[in-house]
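In what follows, a single structure is set out as structure tokens and then discussed.
In what follows, chains carry the letters A, B, and so on, assigned in the order in which the sequence lines appear, proteins first and then strands, with residues in each chain numbered from 1.
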Amino acid sequence: MGIVTRFAPSPTGYLHIGGARTALFNWLYARANGGKFLLRIEDTDRARSTDAATDAIFEGMRWLGLDWDGDAVSQFERRERHAEVAHAMLNTGHAYKCYATRAEIDAFRATDLGKHGSFQSPWRDADSATAPDAPYVIRLKAPREGTTSVEDQVQGTVTWKNATFDDMILLRSDAIPTYMLAVVVDDHDMGVTHVIRGDDHLINAGRQSLIYTAMGWKIPVFAHIPLIFGADGKKLSKRHGATGAQEYRAMGYLAEAMRNYLARLGWSHGNDELFSTDQAIEWFDLSGINKAPARFDFKKLDNVSKYHIENAPDEVLIAGIIDFIASQDREPMSEGDLGKLKQNLPILREKTKKLNDLLDKAQFLLASRPFIPDENEAKNINSVFICILKRLTPALATVRSWSKEDLETLFRNFAETENVGLGKIAQPMKVVLSGSTKAPSTFDMMVALGKEETLARMNDVVLRTASPE
RNA sequence: GGUCCCUUCGUCUAUCGGUUAGGACAUCUGGUUUUCAACCAGGAAAGAGGGGUUCAACUCCCCUAGGGACUACCA
């Protein structure tokens, strides 16, 4: 039998990074086993669900490259079917109509019994002849005796006393199904074989298996993965930096790097740290998922990101850059600029952690001279260096060839005759050539720029500093 | 309060009864380098606590402590 997984977010905001990881695990598991990965939007809460949030989820999923099979399912649109199942359970005696009002439920909760246990409806065993002509909800007639167990693939066997389960509402008084009913019906109808979701649903697995059993349906395999926390061990929230998947896109991380980092958070394949998505698919298994919650660590993410920026295929990197620029609401890069970027990718990607850093380094190619360094960078170009620069210009004419090796040799010799360290010349030269120290290696830039342009930029600085206002 | 889950270096993790408890990030030291958000080498760094079971426990069981989830006509 083919494996079917699903990701089922509720559209109340954006794609949360924790949700993104849940989606990734489901996606990885399906792809690893030649199965299907489905997407369902849990929008039965009409008050909180918005189309904008649904679009945000789609966008986040697409950015992460988590493609789903078929069309996304709207849970709300399947409400007729959910109601149908609720009524089927009514007919088989697994559910009952409860006419208790809000006031009655509140009153029950105020009692000693109500403070410690869940609501016990007086309608559970009532004679239907006594039913009033009033709105009602359909409640599950949960078993009061015995236990219910779930064989969780991550948490192991988990058992509850049935007495701890309440008669949960299946169909609200406005005939809209609750989440608890809808998930079960949808997962069953969609043929979901493996439910991989957040730890916060562990108890729901017990409650939901009651519905499966009542309907005589096969219970799917459950795997409840631990949540992601912030660096301080608290639930991941805004003050930890970023909670939305898209924010990571805007920060300049490659989707491939996010997949790598997120997969490694709570899942492991021996000591493998840096890997491609294809490798993750090959290796992924539920048995590799850790039971304990993990903390989000930006330092490590940056390290993973650096690896992927340095090693991604050219076309992937370029696509990532184009996507990053779009995420900033910036003008798309011109074909010409893109061409320059492509040609110089090796020197731009080296030692680069994020895409915005890469773009910073690319300024020497993209911006036009003369460069005006900011106050801080300008400190590199002092009067002593200006004098050196003036002597360097004629010296440069003697270079054997305009290659990295020869330029470096020339610089070393020149530095020796000037009696200064190479760094004293090469570092300020970075600023001369690019207006910043956030730039590729000096010699790489010189080669990329060519002799004429290099000399012109050097001259810019000499001219600018020759006539101080 | 009740039910359930979790607990190995600062962080992410390996280990599936017998290891000097391994790796990665971060950190520290030294080296190197255009004095770097680079690189190389080395160091420090962990089984929450207490009971069992066993020849042997990080690994299995129990208790305690700490953390978390759920406890809605939310999902």
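Note: NE2 (His269(A)) to P (rU15(B)) measures 11 Å, nearest angstrom. Rounded to whole Å, the distance from NZ on Lys424(A) to C1' on rU33(B) is 14 Å. In this entry the distance linking CG of Asp357(A) with C1' of rA37(B) reads 7 Å, nearest Å.
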Where along nucleotides 62-73 of chain B does protein come under 4.0 Å, by heavy atom, of base (B) or sugar-phosphate alone (S), with - for untouched nucleotides?
------SBB-SB
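Counting only distance, with no hydrogens or angles, the side chain of Lys451(A) and the backbone of Ser401(A) share no donor-acceptor pair below 3.5 Å. Within the 3.5 Å criterion, the main-chain N or O of Asn26(A) finds a donor-acceptor partner in the side chain of Thr5(A). A donor-acceptor contact shorter than 3.5 Å links the side chain of Gln328(A) to the backbone of Ala250(A).
Closest to the side chain of Arg295(A), out of rU34(B), rU11(B), rC25(B), is rU11(B). You'll find that the side chain of Asp297(A) is closest to rU11(B), out of rU34(B), rA75(B), rU11(B). Closest to the Arg412(A) side chain, of the nucleotides rA75(B), rU34(B), rC25(B), is rU34(B). Across rA37(B), rC5(B), rU34(B), the shortest atom-to-atom separation from the side chain of Lys438(A) is found for rA37(B). If you check rU3(B), rC25(B), rC36(B) against the side chain of Thr164(A), the one that comes closest is rU3(B). When distances are taken from the side chain of Lys300(A) to each of rU13(B), rA75(B), rG23(B), the shortest belongs to rG23(B).
Here Phe298(A) and Tyr253(A) keep their ring centres 6.0 angstrom or further from each other. Ring centers of Phe37(A) and Trp68(A): at least 6.0 Å apart, outside the cut-off. Residues Tyr212(A) and His188(A) keep their aromatic ring centres 6.0 Å or farther apart.
Across all strands shown, Lys430(A) has heavy atoms under 4.0 Å from base atoms, whether or not it also approaches the sugar-phosphate. Glu273(A) comes within 4.0 angstrom of a nucleotide base, judged by non-hydrogen atoms across all strands. Heavy atoms of Thr352(A) sit nowhere under 4.0 angstrom from any nucleic acid atom. When heavy atoms are screened at a 4.0 angstrom cut-off, Thr44(A) is found touching the sugar-phosphate backbone but no base atom. Base engagement by Phe443(A) is indicated by at least one non-hydrogen atom pair under 4.0 Å involving a base atom.
Nucleotide rG1(B): paired with rU71(B) (Watson-Crick or G-U wobble, both distances less than 3.5 Å).
With no hydrogens or angles considered, a side-chain donor-acceptor pair links Tyr14(A) and Thr243(A) at under 3.5 Å.
Of the side-chain N and O atoms in Lys361(A), none sit less than 4.0 angstrom from OP1 or OP2 of rC36(B).
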